[in-house]
Amino acid sequence: MEVLASKRRFVIVGASEDPAKYGNKVFNFLLKQGCKVIGINPKGGEINGVQLYKTLAEVPRDDAAAMTETVVVFIVPPKVTENAVKEAKALGYENMWMQPGSESDVAIQWCDANGVKLVHHDCIMVQYRR
């Protein structure tokens, strides 16, 4: 948790245009905290004027330092998380957060075995407020 506490750049996998969904709530919460927030949704779209990318691979990579300072937050079903953590690591992301409901033992074990800094079974909004 301490490793991720200083991060101010987030990629939300499962960002949603629907204000009732957590993919929207987390996105907007982090924006309001002054963080840089990038959203991923297979349909694309936008949230509050911020473009959503359809895949992680579409996200522009500023530089290697920015990649190591970014936390990828998963707000998707566990089976989607299992593949998405591998894609994120292959793209150079090292810090990941699985929101409650998105985690799976398979994904957690894969992250542990592959050197990913990971938080799981905890809500990023709750922890950020602390």
Would you check, one step at a time, whether the test side-chain contact (heavy atoms from CB on, under 4.5 Å) holds for I47 with N28?
-> CA-CA 8 Å; I47 299 174; N28 282 312; 3.8 Å; yes
Go through I40 and E58 one step at a time and tell me if the side-chain contact (heavy atoms from CB on, under 4.5 Å) criterion holds.
-> CA-CA 9 Å; I40 308 297; E58 288 180 10; over 6 Å; no
Give the C-alpha distance, both sets of side-chain angles, the deciding distance and a yes or no for side-chain contact (heavy atoms from CB on, under 4.5 Å) between F74 and E103.
-> CA-CA 8 Å; F74 300 97; E103 62 273 274; over 6 Å; no
Evaluation steps, side-chain contact (heavy atoms from CB on, under 4.5 Å), between K86 and N114 = CA-CA 9 Å; K86 294 174 185 174; N114 288 278; over 6 Å; no
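Rounding to the nearest 0.5 angstrom, the gap separating the CZ atom in F10 from the CD1 atom in I38 is 11.5 Å. Distance CD1/I75 to CH2/W97: 11.0 Å, rounded to 0.5 Å. To the nearest 0.5 Å, atom CD of residue Q99 and atom OG1 of residue T81 are 10.5 Å apart. Note that CD1 of I124 is 14.0 Å distant from OH of Y22, once rounded to the nearest 0.5 Å. Atom NZ of residue K79 and atom OG of residue S102 lie 14.0 Å apart, to the nearest 0.5 angstrom. Taking NZ of K117 as the reference point, atom SG of C111 lies at 12.5 Å (rounded to 0.5 Å).
Considering all non-hydrogen atoms of both residues, M96 and A88 come closest at CE-CB, 3.6 Å. Closest of all the heavy-atom pairs between P78 and S104 is CB-CB, 3.8 Å. The minimum heavy-atom distance between E82 and V106, with the atom names listed, is OE2-CB, 3.6 Å. In this structure, L91 and A57 approach most closely via the heavy-atom pair CD1-N, 3.7 Å. When all heavy atoms are compared, the tightest approach of A84 to L56 is O-CD1, 4.1 Å. The nearest pair of heavy atoms linking V37 to V50 is O-CG1, 3.9 Å.
A donor-acceptor pair under 3.5 Å links the side-chain atoms of N41 to the main chain of A15, judged by distance alone. Checking side-chain atoms of N24 against main-chain N and O of S16 turns up a donor-acceptor pair under 3.5 Å. In this structure, Q127 contributes its side chain and C123 its backbone to no donor-acceptor pair below 3.5 Å. Formation of a donor-acceptor pair under 3.5 Å by the R8 side chain with backbone atoms of Q33 is found in this model.
At a threshold of 4.5 Å between non-hydrogen side-chain atoms, the residues V13 and V72 count as touching. Here the side chains of V59 and Y93 are in contact, with some heavy-atom distance below 4.5 Å.
Exactly one residue among V85, V119, V73 makes a side-chain contact (heavy atoms from CB on, under 4.5 Å) with M98. That residue is V85.
Cluster membership for F27 and M125, using ILVMFWY side-chain heavy atoms within less than 4.5 angstrom, is shared.
At least one test fails for K32 against the ring of F29: distance under 6.0 Å to the centre or angle within 45° of the axis.
Other residues, nucleotides and ligands contribute more than 12 heavy atoms inside 6.0 Å of the CG atom of D112.
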